[in-house]
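Side chains included, hydrogens not; waters and symmetry mates left out as well; all remaining heavy atoms used. A, B, ... follow the sequence lines: proteins, then strands. Residue 1 opens every chain.
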2 protein chains.
Amino acid sequence: MTESALTPEQILRATEDVLRRYGPAKATVVDVARALGVSHGSVYRHFASKAALREAVTERWLDRAHRELAGITAEDGPAADRLHRWLLALFTAKRRKALDDPELFATYTALIGQTASTVVERHLETLVGQLAAIVADGVAQGVFAACDVRAAARAVFQATARFHDPCHAAEWTDPRTDADLEAVWALLLNGLAAR
Amino acid sequence: MTESALTPEQILRATEDVLRRYGPAKATVVDVARALGVSHGSVYRHFASKAALREAVTERWLDRAHRELAGITAEDGPAADRLHRWLLALFTAKRRKALDDPELFATYTALIGQTASTVVERHLETLVGQLAAIVADGVAQGVFAACDVRAAARAVFQATARFHDPCHAAEWTDPRTDADLEAVWALLLNGLAAR
DNA sequence: CGAATGACAGATTTCAACATCTGTCATTCA
DNA sequence: TGAATGACAGATGTTGAAATCTGTCATTCG
């Protein structure tokens, strides 16, 4: 057994730990290397830059956090109900991450607004894609009005920004927030409905 | 004529100039006093604190910026059209301020998330109140479904957060933004409509 | 030979001494 | 007498020198 093989996977796990411990502002590549008992030069053999490392960690984290959503997308069943549960699950997951995993959440938000943050863009496109799939099902089921499915998905995503965009994270502890999401959902459901 | 009477109005104007010149991070009460040719102690005779001064300036600025909206609220005419124009006017005004008056816009955003920022809260309540008035007209005209008007107004306000909340200001230069607002508007109009 | 090292240059961050600012108040001024 | 002043203490911000970090690469190691 090659005890000492340094794998990207190991590095990512160590980076995640270091980020959680020190936060994105303080965490250094030297810290990561120290946690692994190697020189920091070794880390650069596997990741081109500190930024690339942070992005890779964030990508894994996002994938894990939102796996549940893909499940709802793939389900059969009434589209309206699935859309409702999808939006709730997205909000719940985001809020939980913001509260339970603040340092990785901060790492994610720091990535936003970065020039050429492919990871965040891809993540958002994935989410809108999942929404579009559910909306398309709804149209096929005859419960949603025929429309440009992609545009409708985008509109739903933007109309619920208050409940998933990290720039609103501070508002998520407001006790009215759950009721607010339901109110917006009622409006959107009505807006999408076939008549 | 009492040449040297120091009025709150003068102080507010001078503060606005200083904020525009130096930005909220650099502007000091000493700067304001210097601009007026008085000692900074005099400013504290009229405003309890630097924070109070900033809030007063911001309040005036918000009132001026959104006077147009009150006009649309007070109009007669089809509620759906007025609601559409009100949302467009809000977005246009916000975006213009963010671009043309960045330092005062920054002063405003800095006020958000401050503990006990009465000014921002009042401002938001005013806006939701105006929305509610238009929605109520729509219900009276029979074009909007009967509903809890206040809750519906709040939902519309939150569903359009992407287009008026300062935390989204960076996204407002995206060329798709106008189309996005129209798409969300279409959804909301449908959602409010009587059937 | 490929993986790891550690020394290195330039960029960034820390830290502590210093300067400025905020808010108060006893005093001055008109 | 009420508005304005300026000196002051404590808080906050600035600055530049020292420490640390990022990213590279010639060298070592297995």
Side-chain angles (χ1 to χ4, degrees), chain A residues 1-58 103 106-107 110-111 113-119, chain B residues 1-58 103 106-107 110-111 113-119:
Chain A
M1 167 166 13
T2 51
E3 178 91 35
S4 60
L6 184 59
T7 66
E9 174 64 21
Q10 280 181 299
I11 297 175
L12 288 180
R13 271 204 299 269
T15 306
E16 209 174 300
D17 290 346
V18 168
L19 280 170
R20 260 196 262 272
R21 193 183 315 273
Y22 302 117
K26 291 285 182 67
T28 73
V29 177
V30 173
D31 290 330
V32 173
R34 188 171 21 243
L36 289 163
V38 299
S39 74
H40 80 277
S42 304
V43 173
Y44 283 94
R45 175 160 300 280
H46 299 279
F47 293 91
S49 66
K50 186 184 184 178
L53 194 49
R54 265 192 276 117
E55 290 199 9
V57 167
T58 306
E103 300 297 8
T107 305
L111 224 56
Q114 218 82 154
T115 55
S117 169
T118 320
V119 169
Chain B
M1 163 162 23
T2 51
E3 179 90 35
S4 59
L6 184 60
T7 67
E9 175 63 23
Q10 280 181 300
I11 297 175
L12 287 180
R13 272 204 298 269
T15 306
E16 210 173 301
D17 290 346
V18 168
L19 280 170
R20 260 195 263 272
R21 193 183 315 273
Y22 302 117
K26 292 285 181 65
T28 72
V29 176
V30 173
D31 290 330
V32 173
R34 188 169 24 240
L36 289 164
V38 300
S39 75
H40 80 276
S42 304
V43 173
Y44 283 94
R45 175 159 301 280
H46 299 280
F47 293 91
S49 66
K50 186 184 183 178
L53 193 49
R54 266 193 276 115
E55 290 199 10
V57 167
T58 305
E103 299 298 6
T107 304
L111 224 57
Q114 219 82 151
T115 54
S117 170
T118 320
V119 168

(request) With a 4.0 Å heavy-atom cut-off, tell me which residues in residues 23-34 of chain A come close to DNA chain D, sorted by residue number. (result) T28(A), V29(A), V30(A)

(message) Tell me which residues in residues 36-50 of chain A lie within less than 4.0 Å of DNA chain D, going by non-hydrogen atoms.
(response) H40(A), Y44(A), S49(A), K50(A)

(request) Return each pair, listed once, that meets salt bridge (charged side-chain N to carboxylate O under 4.0 Å, His left out) where at least one residue sits in residues 25-43 of chain B; pairs must be two or more places apart or across chains. (result) D31(B)-R34(B)

Answer whether the closest heavy-atom distance between the side chains of [X] and [Y] falls below 4.5 Å.
{"X": "L6(A)", "Y": "L36(A)", "result": "yes"}
{"X": "T28(B)", "Y": "Y22(B)", "result": "no"}
{"X": "V57(B)", "Y": "T107(B)", "result": "no"}

Counterpart residues, salt bridge (charged side-chain N to carboxylate O under 4.0 Å, His left out), relative to [X] (two or more places apart):
{"X": "E16(B)", "answer": "R20(B), R60(B), R64(B)"}
{"X": "R21(A)", "answer": "none"}
{"X": "R45(A)", "answer": "none"}

(request) Work out which heavy atom in R54(A) is nearest to a heavy atom in T58(A); give both atom names and the distance. (result) O-OG1, 2.7 Å

(request) Round to a whole Å and report the spacing from CG of L6(B) to P of dA30(C). (result) 16 Å

